Amino acid sequence: MSGRARPASWWTVLSVLTAVLVALVCGVILGAFMPPVVFFPYVALASSVLVVLGAVWVGLGLIGWFRYRALRASAVAPVLVVLTVVLVALSVPSRVAFAVSRNALAAEARRCPQSWTDQRIGVYRIWQIRPVEGGCLFFIEGGLIDSIGLAYLPDGAPHLGDPRRDGEIGYRPYSGPWYRFVQRF
């Protein structure tokens with residue numbers, strides 16, 4: 001026998017539950033980073049929940065490390081958080097979402113029907129499609145106060161940079177003829 005105490009069932013259940021909740025919160029954070037501009041309310045709420053779960057994890061982790069020597073089981077939650085941070089820092093959620101949605105967005109951009117109807121195009125929830133001179137704007141759910149989205153502008157954007165005044169749209173290059181945009185409220 002190794003002399004190591006086997007973790008109590010309450011500790012195992014709480015550790016697994018904490019890891020599952022951390023995984024769900026990390027999933028929400030990754031989802032909030034799918035649009036070309038972060039959906040801030042989800043990130044703020046999920047980050048707050050993650051702080052609470054972190055406090056729970058610290059307590060469970062200390063018990064697991066010192067009482068049961070359960071280092072691997074205690075490391076699951078922080079590994080998930082670090083993985084989420086790395087994926088977000090490398091813009092993986094946004095890049096994957098765009099790669100998956102690009103063909104569907106391009107097909108809609110060619111037609112560019114004016115629309116105020118909520119719809120899914122690829123993985124994006126689009127709440128408005130607006131034709132503009134030389135392209136098409138897709139307003140994506142997100143942003144805090146300002147409207148955000150993707151613009152298909154094969155001839156280039158009329159204004160690169162932040163919007164200068166209310167109602168104006170500022171564009172930033174995204175991928176080829178695609179631009180991220182923010183329309184100031």
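Because the structure is predicted, anything quoted here is derived from the model rather than measured. These numbers come from the heavy atoms of this one structure, side chains and all, not from hydrogens, waters or symmetry mates.
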Ignoring hydrogens and angles, tell me if any N or O in the side chain of [X] forms a donor-acceptor pair with the backbone of [Y] under 3.5 Å.
X    : Y    : value
Y42  : F33  : no
S101 : V123 : yes
D146 : F185 : yes

Would you name the heavy atoms of [X] and [Y] that are closest together and state the gap between them?
X    : Y    : answer
P35  : S94  : O-OG, 3.9 Å
T18  : W57  : CG2-CB, 4.3 Å
R184 : P163 : NH2-O, 2.8 Å
R130 : F139 : NH2-CZ, 3.2 Å
M34  : Y124 : O-CE2, 3.7 Å
T12  : P7   : OG1-CB, 3.8 Å

Quick one: [atom1] on [X] to [atom2] on [Y], what's the gap to the nearest 0.5 Å?
X    : Y    : atom1 : atom2 : result
H159 : F181 : NE2   : CZ    : 13.5 Å
I169 : S147 : CD1   : OG    : 8.5 Å
L87  : L30  : CG    : CG    : 6.0 Å
S48  : L53  : OG    : CG    : 11.0 Å
R111 : I129 : CZ    : CD1   : 7.5 Å

Would you say [X] and [Y] are hydrophobically clustered, going by side-chain heavy atoms of ILVMFWY under 4.5 Å?
X    : Y    : answer
W116 : L150 : no
L137 : I126 : no
I148 : Y171 : no
V76  : V13  : no
V58  : V52  : no

Specify whether F138 and W178 have parallel, tilted or perpendicular ring planes, treating 30° as the upper limit for parallel and 60° as the lower limit for perpendicular. tilted
Is there side-chain contact between [X] and [Y], with at least one heavy-atom pair below 4.5 Å?
X    : Y    : value
L153 : P158 : yes
Q128 : Q114 : yes
L80  : V25  : no
R110 : C136 : no

For the pair D162 and V182, evaluate side-chain contact (heavy atoms from CB on, under 4.5 Å) and give the outcome as yes or no after the intermediate values. CA-CA 7 Å; D162 294 330; V182 174; over 6 Å; no
Evaluate the criterion side-chain contact (heavy atoms from CB on, under 4.5 Å) for residue pair L50 and T84; output intermediate values, then yes/no. CA-CA 12 Å; L50 204 53; T84 300; over 6 Å; no
Steps toward side-chain contact (heavy atoms from CB on, under 4.5 Å) verdict (Q183, E168): CA-CA 6 Å; Q183 182 176 28; E168 187 177 75; over 6 Å; no
What's the verdict on side-chain contact (heavy atoms from CB on, under 4.5 Å) for R67 and L62, showing C-alpha distance, side-chain angles and the deciding distance? CA-CA 8 Å; R67 187 162 185 189; L62 290 173; over 6 Å; no
Begin with the C-alpha distance, continue with both residues' side-chain angles, and end with the deciding distance and a verdict on side chain to side chain donor-acceptor pair (under 3.5 Å) for S74 and Y68. CA-CA 10 Å; S74 297; Y68 305 119; over 6 Å; no
